[in-house]
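Along the sequence shown, residues carry numbers from 1. Values below: all heavy atoms of this structure, side chains included; hydrogens, waters and symmetry mates excluded.
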Amino acid sequence: MTVSDHPLILCPDCGAPHALPPPSPGHRAECTRCGSVLRQFRSGSLEHAAALTIAALILFIVANLFPILTFELEGRSQSATLLSGSAALWMGGYEGLAALVFFVLFLAPTAELLGTLYVVLPLARGRGPYRHAAWAYRMVSRLRRWAMAEVFLLGLIVAYVKLSDLATLEPGPSLAALVGFILVQVWGEASLSAFHVWERVAPQTRVSQAAHIPREQLTACHDCKQVVAGSEGDCPRCGAGLHRRKPGSVRRSWALVVSAAVLYVPANLLPIMTVIYFGAGQPDTILSGVEALIKAEMWPVALLVFFASITVPVLKLVGLIYLLVSVQRGSTHRQRDRTRLYRLIEGVGRWSMVDIFMISLLAALVQLGTIANVEAELGSIAFASVVVITMLASESFDPRLIWDAPHRDAQGQEAAHG
């Protein structure tokens, strides 16, 4: 195969064009400019990925059918399933928070699994893709970052540690299914190459097909990475709207960052939950919860909560502000490092949901009338809003603007070529 027959891809993080060589064991194609992984060899076949996705779906169904944890105190007990936390928040008057937990813990994982099967199964059987397969796989790619079963597991661990000195806790049969689901899903994702799936749905543009098109006229689809000429209309492969750069990226990111920064103040000052034990209780803020864990000498969990709930949101906000300011100033300083910073911000944002999952579990488990109760408070809404808004802010930011800096003015406006 000559170079002209190689697939052409524009790096999603810096926009540099690359001709991808044929995949081989151990092969990992990286952008020569920013270091982003363009394609990585996956040893598993489509059949293997389909089997793992089916296994993950079965385990996820089992994880939702039975109790995941049972709380026993003073002769009374209360069990919680995966969805009990969402139901408890809804009954407590926190409908928005309940909807968020339901979405990231049930709807997003379910849609991701079913969408993956819809796309991969016919390809694994040697058939062509089903109708609307490209749209389905585009939705799978978008939902993946919002499916947070593994983050919920950390929240469950924190809730278990908090309650272990107060009462007896019994792991339910669904806990093993949840752990199995997470492991199998990670295995399935590691064995499936998104690039290979898109190539089977519709071939990637080849170097020879784009040879006559000026570089500045090439556009990469934000969703499926297909390379096309021009930036008008929809992607011919997945149907997403085509844009050379994310529209209004800087303005939208700034609006979201400022909103998150404002909400971060009440998120830390207002209580996030109240634990009532035999009629007496005291509201807990995020920081007071960390202090309580430290006093109980639960250092690992205290560090986990402090890092996920306090350090990560601050670093995300500071990091995004730094990226936005540097882009608007047209800085060419340490572009590769700034791209790495963006990837780090993208990767860690979802883990701040640990506290929200912990609150939802405690609210579901500790409902024992006059003996003990846990209630969510207004601070949990502010904190959940910070997590979601910072995730949307990092998604809105276009890292390719870091590399466009020499071609932008001081206000961050695109030059005429874009």
Side-chain angles (χ1 to χ4, degrees), residues 85-86 88-105 146 148 151-152 154-155 158-159 162 251-276 280-295 301-325 345 348-364 366 373-397:
S86 178
L89 291 172
W90 186 277
M91 295 298 293
Y94 291 88
E95 292 86 356
L97 201 58
L100 173 64
V101 172
F102 182 73
F103 173 71
V104 299
L105 194 54
W146 296 99
M148 301 185 186
V151 184
F152 173 81
L154 273 184
V158 176
K162 274 182 169 288
R251 293 190 298 274
R252 186 181 298 113
S253 297
W254 264 122
L256 292 168
V257 166
V258 171
S259 300
V262 170
L263 285 167
Y264 186 71
V265 177
N268 282 273
L269 295 180
L270 294 176
I272 59 171
M273 67 176 181
T274 298
V275 180
I276 303 171
Q282 183 175 353
D284 267 333
T285 62
I286 295 173
L287 195 55
S288 67
V290 173
E291 291 173 351
L293 289 170
I294 292 174
K295 288 179 181 177
V301 179
L303 287 173
L304 171 64
V305 174
F306 182 82
F307 179 76
S309 302
I310 297 177
T311 306
V312 168
V314 170
L315 291 179
K316 284 170 62 180
L317 288 172
V318 172
L320 284 169
I321 290 172
Y322 168 66
L323 291 176
L324 287 166
V325 170
I345 292 171
V348 302
R350 60 210 299 272
W351 292 94
S352 295
M353 280 291 292
V354 166
D355 254 345
I356 301 302
F357 287 135
M358 176 200 68
I359 294 167
S360 69
L361 266 172
L362 294 179
V366 190
N373 284 284
V374 170
E375 299 174 355
E377 298 289 352
L378 285 175
S380 61
I381 297 178
F383 183 75
S385 299
V386 171
V387 177
V388 172
I389 291 172
T390 51
M391 288 180 67
L392 293 174
S394 61
E395 186 177 356
S396 297
F397 181 77

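Residue V388 forms a side chain to side chain contact (heavy atoms under 4.5 Å, CB included) with just one option from L256, L100, V104, L263, and that option is L100.
Closest of all the heavy-atom pairs between S396 and R252 is OG-CD, 3.3 Å. Of all non-hydrogen atoms in I359 and S380, the two that sit nearest each other are CD1-CB, 3.9 Å. Among all heavy-atom pairs drawn from G289 and D284, the shortest one is N-OD1, 4.4 Å. For the pair I272 and G379, the tightest heavy-atom approach, listed with the atom from each and the gap, is CG2-C, 3.7 Å. In plain terms, the two heavy atoms of I294 and A302 that are nearest each other are CG1-CB, 3.7 Å. Counting all heavy atoms, side chain and backbone alike, A384 lies closest to L97 at CB-CD1, 3.4 Å.
A distance of 10.5 Å separates CZ of F306 from CD of E291, quoted to the nearest 0.5 Å. With values rounded to the nearest 0.5 angstrom, M391 atom CE is found 6.5 Å from K316 atom NZ. With rounding to the nearest 0.5 Å, the separation of CD1 in I286 from CZ in F383 is 4.5 Å.
Residues forming a side-chain contact (heavy atoms from CB on, under 4.5 Å) with I381 (at least two apart in sequence, or on another chain): Y94, L378, S385. Evaluation of the side-chain contact (heavy atoms from CB on, under 4.5 Å) rule for V325 yields W254, I321, R329 as partners, not counting sequence neighbours. The side-chain contact (heavy atoms from CB on, under 4.5 Å) search around L304 returns L154, V158, not counting sequence neighbours. Contacts of Y264 classified as ring-ring contact (aromatic ring centres under 6.0 Å, His included), with partners at least two apart in sequence or in another chain: none. Remark: T285 pairs with S288 by the side-chain hydrogen bond (donor to acceptor under 3.5 Å, both in side chains) rule, at least two apart or across chains.
A 4.5 Å side-chain heavy-atom check between I345 and L323 finds at least one atom pair inside the cut-off. For the pair L270 and E377, the minimum side-chain heavy-atom distance is 4.5 Å or more. Two residues are said to be in side-chain contact when any heavy atoms from C-beta on lie closer than 4.5 Å; L89 and V101 meet this criterion.
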(Q) Could you walk me through whether M148 and L105 satisfy the side chain to side chain contact (heavy atoms under 4.5 Å, CB included) test, starting with their C-alpha distance in whole Å, then the side-chain angles of each, then the deciding distance to 0.1 Å, before giving a yes or no? (A) CA-CA 6 Å; M148 301 185 186; L105 194 54; over 6 Å; no
(Q) As a quick check of understanding, evaluate side chain to side chain contact (heavy atoms under 4.5 Å, CB included) for E395 and L392, giving each step before the final call. (A) CA-CA 5 Å; E395 186 177 356; L392 293 174; 4.2 Å; yes
(Q) Set out, in order, the CA-CA distance, both residues' side-chain angles and the distance that settles side chain to side chain contact (heavy atoms under 4.5 Å, CB included) for L361 and F152, then state yes or no. (A) CA-CA 9 Å; L361 266 172; F152 173 81; 3.9 Å; yes
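Side-chain contact check for E375 and T274: no donor-acceptor pair (N or O, by modelled atom type) lies under 3.5 Å.
Side-chain N or O atoms of S86 include one that pairs as donor or acceptor with a backbone N or O of A98 at under 3.5 Å.
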Without placing hydrogens or testing angles, list every side-chain donor-acceptor pair under 3.5 Å for residues 349-357, not counting sequence neighbours.
{"from": "R350", "atom 1": "NE", "to": "R145", "atom 2": "O", "distance (Å)": "3.1"}
{"from": "R350", "atom 1": "NH1", "to": "E150", "atom 2": "OE2", "distance (Å)": "2.6"}
{"from": "R350", "atom 1": "NH2", "to": "A147", "atom 2": "O", "distance (Å)": "2.3"}
{"from": "R350", "atom 1": "NH2", "to": "E150", "atom 2": "OE2", "distance (Å)": "3.4"}
{"from": "S352", "atom 1": "OG", "to": "A308", "atom 2": "O", "distance (Å)": "2.7"}
{"from": "D355", "atom 1": "OD2", "to": "S309", "atom 2": "OG", "distance (Å)": "2.7"}

